[in-house]
*Asks:* 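Structure in structure tokens, see below.
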Amino acid sequence: MEYTQLGRTGLKVSRLVLGTMNFGPQTDEADSHAIMDAALDAGINFFDTANVYGWGENKGRTESIIGTWFAKGGGRRDKVVLATKVYGNMGADGPAWPNHDKLSAVNIRRAVDASLKRLQTDHIDVYQFHHIDRATPFDEIWQAIDVLVQQGKILYVGSSNFPGYKIAQANEIAARRGGTIGLVSEQCLYNLAERRAEMEVIPAAREYGLGVIPWSPLHGGLLGGVLKKEVEGRRRASGRAADALADPATRARIQSYEDLLDKHGVEPGEAALAWLLTRPGVTGPIVGPRTAEQLASAVRASELELSEELLTGLDEIFPGPGPSPEAFAW
């Protein structure tokens with residue numbers, strides 16, 4: 001496994017990030033623990049979660065599964081760079097009780113203590129804002145974060161789903177305050193089929209020294225060999241992939257993608273991950289395995305080298321927007 005610095009920090013993280021969103025809803029606790037052990041064995045040290053994972057009445061369940069894994073000892077916690085997120089309503093489904101969601105200083109303090117308890121640890125390495133909060137000024141957010149850093153409860157701060165201008169705003173205000181490192185990572189939707197992040201988000205992240213952590217690298221399964229699996233009867237597309245394939249033009253594009261990779265003898269899902277690892281500014285994509293085999297496939301992708309011919313073919317099928325601002329200004 002290769003490692004890189006997380007953005008402009010001195011923190012070394014693996015070039016694959018273990019996403020844990022399936023732990024609880026789709027993968028039981030025992031299998032989740034086995035996947036985390038296998039991830040460490042493969043050299044993956046960067047684990048990502050969120051306080052809302054588990055969803056519905058089981059919000060927080062994923063963090064709890066990670067916490068019971070840490071509690072097994074064996075140096076598990078010390079080996080992991082742990083990232084979790086704050087923003088969502090942690091109460092029962094329905095409108096949140098006032099100050100029980102988003103990024104007010106009150107909710108940040110409450111949420112971090114609750115996550116630490118579930119995770120059975122005394123600190124979070126990368127605490128991420130899951131979404132922008134239009135109602136809370138960054139001065140208030142950074143004041144709350146400064147206190148948590150001083151208390152040793154968190155070490156670094158990242159964002160998720162932020163537009164480029166919010167990355168800039170957050171870090172400019174952090175710089176103005178002084179003594180605050182600001183955002184060090186951005187978790188964004190980015191893959192071969194969804195490259196809009198290249199227009200503003202990734203340029204802003206690179207300008208301000210944020211590591212880019214793409215989520216949904218297979219675009220909901222669309223880039224994981226979905227048509228081949230459909231033909232073989234292994235799995236039918238669902239969710240985002242099924243919606244996308246309802247469009248004839250998209251189906252044709254995915255067929256061209258799978259045909260190209262078949263010609264080169266490369267598995268689609270592994271190629272999609274390997275492509276992200278070639279992109280400027282990308283720290284590592286988040287892989288969310290439901291099974292040990294899916295994790296093994298992701299590890300193989302991290303060792304895969306794509307030829308220039310294949311990279312050119314992928315760009316022809318999934319052209320990016322081009323450089324910013326030329327992509328939208330000229």
*Asks:* Output yes when Arg253 and Asp247 qualify as a salt bridge under the 4.0 Å nitrogen-oxygen rule, no when they do not.
*Replies:* no
*Asks:* Could you tell me whether a side-chain N or O of Asn45 sits under 3.5 Å from a main-chain N or O of Lys12, the two making a donor and an acceptor?
*Replies:* yes
*Asks:* Closest heavy-atom contact between Gly164 and Val201?
*Replies:* N-CG2, 4.0 Å
*Asks:* If you apply the rule ring pair (Phe, Tyr, Trp, His ring centres under 6.0 Å), what do you find for Tyr257 with Phe318, and how did you get there?
*Replies:* CA-CA 9 Å; Tyr257 165 71; Phe318 300 108; 5.5 Å; yes
*Asks:* Once you round to the nearest 0.5 Å, how far does CE of Met36 lie from CG of Asp31?
*Replies:* 10.5 Å
*Asks:* Under 4.0 Å between a side-chain nitrogen and a carboxylate oxygen: does that hold for Arg300 and Glu293?
*Replies:* yes
*Asks:* For Phe47 and Trp69, I'd like to know if the aromatic rings sit close, meaning centre-to-centre distance below 6.0 Å.
*Replies:* yes
*Asks:* Heavy-atom count around Arg109 CZ within 6.0 Å, excluding the residue itself: above 12?
*Replies:* no
*Asks:* Let me see the working for Val126 and Ser185 under side-chain contact (heavy atoms from CB on, under 4.5 Å), right down to the final yes or no.
*Replies:* CA-CA 9 Å; Val126 186; Ser185 61; 3.9 Å; yes
*Asks:* Are any of the side-chain nitrogens in Glu63 or Lys117 under 4.0 Å away from the carboxylate oxygens of its partner?
*Replies:* no
*Asks:* How long is the straight-line distance from NE2 of His219 back to CG of Leu192, given to the nearest 0.5 Å?
*Replies:* 10.5 Å
*Asks:* Any side-chain donor paired with an acceptor under 3.5 Å for Ser104 and Asn99?
*Replies:* no
*Asks:* Answer yes if the side chains of Thr4 and Arg15 hold a donor-acceptor pair under 3.5 Å, and no otherwise.
*Replies:* no
*Asks:* Counting N and O atoms only, with roles assigned by atom type, does the side chain of Asn58 sit under 3.5 Å from a partner on the main chain of Arg61, one being a donor and the other an acceptor?
*Replies:* no
*Asks:* Is there a side-chain contact (heavy atoms from CB on, under 4.5 Å) between Leu295 and Leu18 once you walk through the steps?
*Replies:* CA-CA 9 Å; Leu295 175 64; Leu18 182 68; 4.3 Å; yes
*Asks:* Is it true that a side-chain atom of Asp125 and a backbone atom of Ala83 form a donor plus acceptor pair closer than 3.5 Å?
*Replies:* no
*Asks:* If you count heavy atoms of other groups shown closer than 6.0 angstrom to CD of Glu2, is the number above 12?
*Replies:* no
*Asks:* Is it true that Lys153 and Asp122 make a salt bridge, defined as a side-chain N closer than 4.0 Å to a carboxylate O?
*Replies:* no
*Asks:* If hydrophobic clusters are built by linking Ile, Leu, Val, Met, Phe, Trp and Tyr wherever their side-chain heavy atoms come under 4.5 Å apart, do Ile286 and Leu40 end up in the same one?
*Replies:* no
*Asks:* May I ask you to check whether Asp48 and Gln187 show a side-chain donor-acceptor distance below 3.5 Å?
*Replies:* yes
*Asks:* Is there a side-chain contact between Phe70 and Val80 (heavy atoms, below 4.5 Å)?
*Replies:* yes
*Asks:* Quick one: OG1 on Thr62 to CG on Asn51, what's the gap to the nearest 0.5 Å?
*Replies:* 10.5 Å
*Asks:* Does any N or O in the side chain of Ser216 come within less than 3.5 Å of the main-chain N or O of Gly220, such that one atom is a donor and the other an acceptor?
*Replies:* yes
*Asks:* Can Gln143 and Asp139 be counted as having a side-chain donor-acceptor contact under 3.5 angstrom?
*Replies:* no
*Asks:* Check this for me: Lys79, atom NZ, are more than 12 non-hydrogen atoms of other residues, nucleotides or ligands nearer than 6.0 Å?
*Replies:* no
*Asks:* Locate the shortest heavy-atom distance separating Ala327 from Pro321; write the atom from each residue and the value.
*Replies:* CB-O, 3.0 Å
*Asks:* Let's go through Glu194 and Arg196 carefully: what are the C-alpha distance in whole Å and the side-chain angles of both, what is the deciding distance for salt bridge (Lys or Arg N to Asp or Glu O under 4.0 Å) to 0.1 Å, and is it a yes or a no?
*Replies:* CA-CA 6 Å; Glu194 177 48 85; Arg196 285 179 293 177; 2.9 Å; yes
*Asks:* Ring centres under 6.0 Å, that's the criterion: do Phe23 and Tyr53 meet it?
*Replies:* no
*Asks:* Counting distance only, does the side-chain N/O of Ser160 pair as donor-acceptor with the main-chain N or O of Phe129 below 3.5 Å?
*Replies:* no
*Asks:* For residues 156-211, pull every pair meeting ring-ring contact (aromatic ring centres under 6.0 Å, His included), keeping only residues two or more places apart or in separate chains.
*Replies:* Tyr190-Trp275
*Asks:* Going hydrophobic residue to hydrophobic residue with side-chain gaps under 4.5 angstrom, can you get from Leu11 over to Phe46?
*Replies:* yes
*Asks:* Which pair of heavy atoms, one from Ala42 and one from Val299, lies closest together, and at what distance?
*Replies:* CB-CG2, 3.8 Å
*Asks:* Between Asp262 and Lys228, is the salt bridge (Lys or Arg N to Asp or Glu O under 4.0 Å) condition met? List the steps.
*Replies:* CA-CA 10 Å; Asp262 187 56; Lys228 182 178 180 180; 5.1 Å; no
*Asks:* Say you draw a straight line from OG of Ser32 to CD1 of Ile65; how long is it, rounded to the nearest 0.5 Å?
*Replies:* 4.5 Å
*Asks:* With no hydrogens and no angle check, is any side-chain donor or acceptor of Ser324 less than 3.5 Å from a backbone partner on Met199?
*Replies:* yes
*Asks:* Looking only at atom types and distance, does a side-chain atom of Glu186 sit under 3.5 Å from a main-chain N or O of Ile202, one as donor and one as acceptor?
*Replies:* no
*Asks:* Got a sec: does the CD of Glu326 have more than 12 other heavy atoms crowding it under 6.0 Å?
*Replies:* yes
*Asks:* With a 4.5 Å cut-off on side-chain heavy atoms, are Ile213 and Pro285 touching?
*Replies:* no
*Asks:* Looking at every heavy atom in both Ala135 and Pro137, which two are closest together, and how far apart are they?
*Replies:* O-CD, 3.8 Å
*Asks:* Going only through I, L, V, M, F, W and Y residues with side-chain contacts under 4.5 Å, is there a path from Tyr127 to Leu183?
*Replies:* yes
*Asks:* So does Thr49 get a backbone contact from the side chain of Lys85, meaning a donor-acceptor N/O pair under 3.5 Å?
*Replies:* yes
*Asks:* Indicate whether any N or O donor in one side chain lies under 3.5 Å from an N or O acceptor in the other, for Thr68 and Glu29.
*Replies:* yes
*Asks:* Please check this pair: side chain of Glu140 against backbone of Ala105, looking for a donor-acceptor N/O pair closer than 3.5 Å.
*Replies:* yes
*Asks:* When you group the ILVMFWY residues by side-chain heavy-atom contacts below 4.5 Å and let the links chain together, are Leu223 and Leu304 in the same group?
*Replies:* yes
*Asks:* Does Gln294 reach the main-chain N or O of Arg290 with its side chain, forming a donor-acceptor pair under 3.5 Å?
*Replies:* yes
*Asks:* Got a second to check how far Leu276's CG is from Arg279's CZ, nearest 0.5 Å?
*Replies:* 8.5 Å
*Asks:* Should Lys166 and Glu200 count as an ion pair when the cut-off is N to O under 4.0 Å?
*Replies:* no
*Asks:* Side chains of Asn161 and His131: do they bring a donor and an acceptor to under 3.5 Å?
*Replies:* no
*Asks:* Name all pairs fulfilling the ring-ring contact (aromatic ring centres under 6.0 Å, His included) condition that reach into residues 287-309, sequence neighbours left out, sorted by first residue then second.
*Replies:* none
*Asks:* State plainly whether the residues Glu57 and Lys59 are in salt-bridge range, i.e. N to O under 4.0 Å.
*Replies:* no
*Asks:* Would you call Arg76 and Asp37 a salt bridge, taking side-chain N to carboxylate O under 4.0 Å as the test?
*Replies:* yes
*Asks:* By the definition side chain to side chain contact (heavy atoms under 4.5 Å, CB included), identify the one residue from Ile181, Val147, Thr180 that meets it with Trp142.
*Replies:* Thr180
*Asks:* Do you see a donor-acceptor pair shorter than 3.5 Å between the side chains of His130 and Ser159?
*Replies:* no
*Asks:* Out of curiosity, Thr84 OG1 to Arg118 CZ, how far, rounded to the nearest 0.5 Å?
*Replies:* 7.5 Å
*Asks:* Give a yes or no on whether Glu303 atom CD has more than 12 heavy-atom contacts from other residues, nucleotides or ligands under 6.0 Å away.
*Replies:* yes
*Asks:* What's the shortest heavy-atom distance between Gly211 and Thr283, and which atoms?
*Replies:* CA-OG1, 3.1 Å
*Asks:* In the single-linkage hydrophobic clustering (I, L, V, M, F, W, Y; side-chain heavy atoms under 4.5 Å), do Ile145 and Phe138 co-cluster?
*Replies:* yes
